[in-house]
Amino acid sequence: MSNPLILGIESSCDETAVALVRGDRTIVAQRIASQDAEHRPFGGVVPELAARAHVDRLTPMVAEVLGEAGVTLADVDAVAATAGPGLIGGVMVGLVTGKALAWGAGKPLLAINHLEGHALSPRLADASLQFPYLLLLVSGGHCQLLGVEGVGRYRRLATTIDDAIGEAFDKTAKILGLGFPGGPRVEQAAARGNARRFALPRPLLGSDEPHFSFAGLKSAVLRQWQALPDKTDTDRDDLAAAFQLAATDCLVDRTARAIAAFPQATALVVAGGVASNQAIRAALSGLATANGLPFVAPPLWLCTDNAAMIAWAGAERLTLSPAERLTLSPAERLTLSPAERFKLDLVDGLDAPARPRWPLDPGAEAVRGAGVRA
Ligand code: KG4
Ligand code: ZN
């Protein structure tokens, strides 16, 4: 299919989003409804409230997006819905909505991995970005380095052994009383602060192990904050700045290691909500330049959760050339890795499961540590 029109649906966390995207990268129409107001009183995302808000908003938003584009479901080539990983109630709302629309309109369903949406989003913004590239995926639930070798072909080079980096930003914001959502608030406070006033640990910096760790950093922020007698605005800004610098140093160090481990990369790419942080973008850009690699970061709205990246992941799948797809007998299929088999199963059945955990690279080894996300 050369220029498919895809309806994308995203509901895996606290953004309800719907988009219509074409294979030629045109974003025909889109809506993103944040639930910040619902979750702010609780200082974090409450899964049940998120799922209910998705139920209330999704159907009207689909109608709005189709209306704005002046099309109906009959004009759409496929419905792409996030099928995981994420908060399971919300994922189920979006996936079931996508299934109902696909079934009702007689269109194919594409059950999209949310992480794949983030991983391919830089190619929606930048047509010149070719495979393979090294991707640093930094969000509220994930902190991974991936070798992106092609559509459906992801090699996990590193992940976090405890907290995701976005989680560390959010918890730091909570400790410092900066409010919700945490990441942008910490960035604003850090811009005013003196990062050198507090000495904070940089977990796994220089380690032979490829992975990330942020739990010790977050605990150190808590200890330093509790030890401050007055807890002034300056204290708050300085500690936010020290945290952001330590976290950035860890990201740069681990990414430098991955550049050496994945020398075939043609670019260093960053995606996910934390990629909207300007200090982190600047540090990664410097690292890419020092290694002779182009640095690619999607526009800010495409870094945080949205449905255009989900529709785009669907478009990438539908526009794979026949040569890129595998044509094998059923017996031969059994010998394939899950990533390879994915290329045969371009379209999903209406029984596609909602998955709270869904690693992009099923072959990646488990890492030490508790609470590790997919
Ligand atoms: O990708 P995303 O929108 O949702 C997930 O899939 O998790 O990422 C949300 C995360 C949150 O932890 C949020 O605090 C963080 O991204 N974030 C930031 C910034 N903007 C969002 N972290 C640091 N600096 C920012 N400017
Ligand atoms: Zn996300």
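Counting starts at 1 for both ligands and their atoms, following the listed order.
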Enquirer: With a heavy-atom distance limit of 4.0 Å, tell me whether Asp170 approaches ligand 1 through its side chain, its backbone, both, or neither.
Expert: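 Contact part for Asp170 vs ligand 1: side chain (C-beta onward).
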
Enquirer: Considering only the protein, which heavy-atom contact is closest to atom 26 (N) of ligand 1, and what is its distance?
Expert: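 Heavy-atom neighbour on the protein nearest atom 26 (N) of ligand 1: Glu187 OE1, 2.7 Å.
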
Enquirer: Only heavy atoms of Gly166, strictly under 4.0 Å: list the atoms of ligand 1 that pass.
Expert: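 Taking each heavy atom of Gly166 in turn, ligand 1 has 12 (O) under 4.0 Å.
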
Enquirer: Which atoms of ligand 1 sit under 4.0 Å from any heavy atom of Gly141?
Expert: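 Counting atoms of ligand 1 from 1, those under 4.0 Å from Gly141 are 7 (O).
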
Enquirer: Judged on heavy-atom distance to atom 25 (C) of ligand 1, which of Ser139, Gly182, Gly183 sits nearest?
Expert: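 Result: the heavy atom closest to atom 25 (C) of ligand 1 is in Gly183.
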
Enquirer: Evaluate whether atom CH2 of Trp103 has more than 12 neighbouring non-hydrogen atoms of other residues, nucleotides or ligands under 6.0 angstrom away.
Expert: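 No, because the 6.0 Å sphere around CH2 of Trp103 holds 12 heavy atoms or fewer from other groups.
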
Enquirer: For ligand 1, which atoms, with element, lie under 4.0 Å from some heavy atom of His118?
Expert: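 Every atom of ligand 1 under 4.0 Å from some heavy atom of His118: 1 (O), 6 (O).
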
Enquirer: Under 2.8 Å from the Zn ion (ligand 2), how many protein N/O/S atoms do you get? Just the number, please.
Expert: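 With waters ignored, the protein N/O/S count below 2.8 Å is 3.
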
Enquirer: How does Gln278 reach ligand 1, by side chain, by backbone, by both or by neither, if only non-hydrogen atoms under 4.0 Å count?
Expert: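 Neither part.
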
Enquirer: Below 4.0 Å from ligand 1: does a non-hydrogen atom of Ser276 turn up there or not?
Expert: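 Under 4.0 Å: yes for Ser276.
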
Enquirer: Please could you name the atoms of ligand 1 that Thr304 approaches to less than 4.0 Å, counting only its heavy atoms?
Expert: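 Those qualifying, in numeric order: 3 (O).
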
Enquirer: What do you reckon, are the aromatic ring centroids of Phe198 and Phe243 less than 6.0 Å apart?
Expert: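 Centroid distance Phe198-Phe243: not below 6.0 Å, so no.
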
Enquirer: In plain terms, say whether Arg52 and Glu38 are close enough for a salt bridge, that is, a side-chain N and a carboxylate O under 4.0 Å apart.
Expert: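 Glu38 and Arg52: not salt-bridged.
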
Enquirer: If the threshold is 4.0 Å, N to carboxylate O, is there a salt bridge linking Asp163 and Lys218?
Expert: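 So Asp163 pairs with Lys218 through a salt bridge.
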
Enquirer: Please check if any side-chain donor atom of Asn277 sits under 3.5 Å from a side-chain acceptor atom of Gln244, or the reverse.
Expert: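 There is such a pair (donor and acceptor under 3.5 Å, judged by atom type) between the side chains of Asn277 and Gln244.
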
Enquirer: Between Thr232 and Asp230, is any side-chain donor less than 3.5 angstrom from a side-chain acceptor?
Expert: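 There is no such pair between these side chains.
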
Enquirer: Identify the protein heavy atom lying closest to atom 9 (C) of ligand 1, giving its residue, its atom name and the separation to 0.1 Å.
Expert: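 Nearest neighbour among protein heavy atoms for atom 9 (C) of ligand 1, to 0.1 Å: Gly140 N, 3.8 Å.
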
Enquirer: For the residue pair Phe214 and Phe212, does the interplanar ring angle fall in the parallel (under 30°), tilted (30 to 60°) or perpendicular (over 60°) class?
Expert: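 Phe214 vs Phe212 ring planes: parallel.
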
Enquirer: Heavy-atom contact under 4.0 Å between Gln244 and ligand 1?
Expert: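 No, that is not the case, since the closest heavy atom of the residue is not under 4.0 Å from the ligand.
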
Enquirer: Among Ile310, Val28, Ile27, Leu5, exactly one meets side chain to side chain contact (heavy atoms under 4.5 Å, CB included) together with Val21. Which residue is that?
Expert: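 It is Ile27; the other options fail the test.
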
Enquirer: List the closest protein heavy-atom neighbour of atom 8 (O) of ligand 1: residue, atom name, distance to the nearest 0.1 Å.
Expert: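 Heavy-atom neighbour on the protein nearest atom 8 (O) of ligand 1: Gly273 CA, 3.3 Å.
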
Enquirer: CZ/Arg156 to NE2/His142 distance, rounded to the nearest 0.5 angstrom?
Expert: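 Here the rounded value is 11.5 Å.
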
Enquirer: Could you check whether Arg192 pairs with Asp237 (Lys NZ or Arg NE/NH1/NH2 to Asp/Glu carboxylate O, under 4.0 Å)?
Expert: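 Salt bridge: yes.
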
